[in-house]
Number of protein chains: 2
Amino acid sequence: MDDGLVRSLSMGLSQKGVRDHNERLLLSLLQRHGSLPAPDLARLSHLSPPTISAILRKLESDGLLTRGDPLRGKVGKPSVPMMLDKNGVYSIGIKIGRRSANFLLTDFTGGIRLHRQVTYTHPLPREVFGFVQAGLAAAASDLSHSELARICGIGIAAPFDLWNWHDLTGPNAAEFQSWKNIDFTAEMARFTDLPVFVINDATAGCQAEHLYGRGKQFRDYAYFFVGAFVGGGIVLNNAVYEGRLGNAGALGSLRSVGPSGESRQLVDTASIHTLEARLRQAGHNPITLWNNPQSWTDLADHVTPWLDQTAIELAKASLSTCAVIDFEAIIIDGAFPPVIREELVKKVRRAIETEDTRGLILPVIESGSIGSDARALGAACSPVLSQFMLNNN
Amino acid sequence: MDDGLVRSLSMGLSQKGVRDHNERLLLSLLQRHGSLPAPDLARLSHLSPPTISAILRKLESDGLLTRGDPLRGKVGKPSVPMMLDKNGVYSIGIKIGRRSANFLLTDFTGGIRLHRQVTYTHPLPREVFGFVQAGLAAAASDLSHSELARICGIGIAAPFDLWNWHDLTGPNAAEFQSWKNIDFTAEMARFTDLPVFVINDATAGCQAEHLYGRGKQFRDYAYFFVGAFVGGGIVLNNAVYEGRLGNAGALGSLRSVGPSGESRQLVDTASIHTLEARLRQAGHNPITLWNNPQSWTDLADHVTPWLDQTAIELAKASLSTCAVIDFEAIIIDGAFPPVIREELVKKVRRAIETEDTRGLILPVIESGSIGSDARALGAACSPVLSQFMLNNN
DNA sequence: CATAAATTAATAAAGTTAATTAATAAATTG
DNA sequence: CAATTTATTAATTAACTTTATTAATTTATG
């Protein structure tokens, strides 16, 4: 591809830019549709068959595409479906969370080739970067030399204020606070030359859902990820919108109302940490939530009321987002078992019917399909998107 | 320009599309900066001087641009600033509101060439379209034949649910309700061949502020227009974002909390109609608000508490929007005198400091600069944008 | 004060890229 | 075998870039 300069619409176009655009367009269409023959690509892109033919040949020779088996049964010459070459591009996705960090090596179709995880009570910079470095070493020994060269970058998903919202005291408190002054990109540059992309964790989850999950179905939607702290992402015009400073979809900061009418934020009323608090109060150890999916059903007595509250808050929050953007859908995912997710979605659907919806176009409420891995997987998308795909924003 | 097909990024590009894009880019840059010499255009667009030269000559011969006086005083050959030709394109903007309708004929630089208004207690389709038709006749007699041919379309700004929120009873109630089934575009086609664009009224206001007011300064912002009912608009990437169904920025539907803790919407707590209610209760005739700007200061006893309440609600609403999109700014305008607007903005700035802003990047609060005319003026922008400008969404 | 030098702007000519259209070949089905 | 669809090649066209030239100034110098 090219130097990536001609990406914004507020720039002049020339031939080189045109070809780059069209290559990205075809790759994006194939990413989205999975597999398409040339004539379909021509129709979808409004480009002529010879142009498609030429671009496909080029991308194939670059190792980005493979041709499938000719499709017979229809009249005429059989068409050859083209698809992304799984091994055409690799990417690394890292999630740094409040309870665990993940390291992913993904292929061009979003398949996970390597997965490493570490859990902790709180993340400390030295440990986390050590974990990352070990992951890179593992990836290096896992791939051949030529495969290694196809790693296109590293995406890092993290909350924007990792150092906030943590009642940490004691010897590690100071080191924990040092996150505040850490520049991820600079830190990574100390042991890798790969380009590094930093993205909000929930926005990364949204990106994964958008490329590999239910998100494809919708043009515009808001995505809630219920983790230790709830967060969100935004999709506009079939593309994740990160915002000017990457803080779009900070849905955890949506206003909420506390039990006695005081002003709160969604993060206080619809996060897993509030369930943790409920459990601690009842004498249970909340860590089982993160280690044992079964525990969610075992603890139904505590989980159900938490789900009820969370659903009401998410319903209100969903409508708030729809007043800003007329979203077609709301997608809800989280760091909980799929059964819990489905239950939550059902409760949100019910809760939304009791709200005042004058002047709004109601969104459909859908569940996400990826779960906890979404954030690291989405992080791995950033380098791929920036180098090979069209990003409509 | 061309058929307008190649507008979306999700379409293939070819040469014709490139030239169209670059022409629109230069027109947009000139719209935004007012007047620029060719070398500046080359720098901003990253196109080469010869390309700029060729495009400028073409646009000038089309009557869309004029060259200003050569700029001397610097070393070297003096540069010739280029600017939009005021008389290159005309457009018609119509606002249909709950208290009045406006008809505007604008030139290419947003100047108002003709302005007609009608006021009413409630809009009825027959009367409104009669008013529009009379406006078109007036425009036709005001312009020469060649000028007439330069009218590029009609924009209509209206609330999306004109028929809602109106406690109308009596003989006209049925006719008023008929708005619900009226298709503006079809209705207009009965007496004009010009292309018709329908846009939400507050979003239109936002568009006007964006092109001709303070909006230029910001990349992303939310715009509140406090009219009989409060509404809003959204700007992303330097372009008004109308949304999939044109209902983005439905800020009047943001959740608000009533005096006794019950759930309300912003439209109930921060609109001029709530001030009207206050005045009626105090025995005043609220119609003076719409006819006499002076009345706002005369009625300060009622206006001030309303401003206080409205400011608190707008502050909360502003933060809600910033949780969805990390807006750089909030712009506030309305159908009130400039003094009132400035006072409101100050109060909002103060109110925002008392809110919980964890996880948010605080926007600056600015006042709009156009006032009541914003909606009709913004409506007139739609045809112009669609035919001559770049629209980054 | 006149002239030369330097700078900036605008345009022209030539060359390059990547699209389109038209023509042709290839592979199937019915 | 005829019709149809797919894929490719060849020729043409559009629109850009680069390089070079001319024009209009301001600044410096004798």
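Chain letters run A, B, ... following the sequence lines, proteins first, then strands; residues in each count from 1.
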- Query: Mapping Ile55(A) and Ala38(B) onto DNA chain C by nearest heavy atom, which one lands closer to the 5' end?
  - Reply: Ala38(B)

- Message: Once you measure the plane-to-plane angle for Phe108(A) and Phe388(A), does it fall in the parallel (<30°), tilted (30-60°) or perpendicular (>60°) bin?
- Response: perpendicular

- Message: Is Asn22(A) close enough to dA19(C) that one of its side-chain N or O atoms is under 4.0 Å from OP1 or OP2 there?
- Response: yes

- Message: Please pick, from dA23(D), dT20(C), dA12(C), the nucleotide with the shortest atom-to-atom distance to any side-chain atom of Leu47(A).
- Response: dT20(C)

- Task: Round to the nearest Å and state the distance from Glu60(A) atom CD to dA7(D) atom P.
- Result: 12 Å

- Note on the structure: Against the side chain of Pro50(A), the closest entry in dA10(C), dT8(D), dT17(D) is dT8(D)

- Item | 5'-most by nearest nucleotide on DNA chain C - Pro49(B) or Pro49(A) | Pro49(B)

- Task: In whole angstrom, give the distance that lies between atom NZ of Lys58(A) and atom C1' of dA18(C).
- Result: 13 Å

- Using atom NE2 of His21(A) as one end and atom P of dC16(D) as the other, report the distance to the nearest whole Å. 16 Å

- Message: How many whole angstroms separate atom CD1 of Ile52(B) from atom P of dA9(C)?
- Response: 13 Å

- Message: Against Asp107(A), only a single residue in Arg150(A), Lys86(A), Arg113(A) fulfils side-chain hydrogen bond (donor to acceptor under 3.5 Å, both in side chains); can you say which?
- Response: Lys86(A)

- Message: Let me confirm one number: the CG-CD1 distance from Leu47(B) to Ile52(B), rounded to the nearest 0.5 Å.
- Response: 4.5 Å

- Message: Taking the minimum atom-to-atom distance to the side chain of Pro39(B), which one of dT9(D), dA15(D), dA9(C) wins?
- Response: dA9(C)

- Query: Mapping Ser79(A) and Arg57(A) to their closest nucleotides on DNA chain D, which lands nearer the 5' end?
  - Reply: Ser79(A)

- Message: Between P on dT11(C) and CZ on Arg67(B), what's the gap in Å once rounded to a whole number?
- Response: 6 Å

- Message: Could you tell me how far apart Leu36(A) (CG) and dT6(D) (C1') are, to the nearest whole angstrom?
- Response: 15 Å

- Report yes if at least one side-chain N or O of Arg72(B) is closer than 4.0 Å to OP1 or OP2 of dA24(D); otherwise report no. no

- Task: Write down the atom of Ile154(A), the atom of Pro383(A), and the distance for their closest heavy-atom approach.
- Result: N-CG, 3.6 Å

- Okay, side chain of His21(B), backbone of Leu13(A): is any donor-acceptor separation there less than 3.5 Å? no

- Value in whole Å for how far the C1' atom of dT17(D) lies from CZ of Arg19(B): 13 Å

- Return no unless some side-chain N or O of Ser14(A) is found under 4.0 Å from OP1 or OP2 of dT17(C). no

- Query: Taking only N and O in the side chain of Ser48(A), is any of them less than 4.0 Å away from OP1 or OP2 of dT20(C)?
  - Reply: yes

- Item | Spacing between Asp69(A) atom CG and dT6(D) atom P, to the nearest angstrom | 17 Å

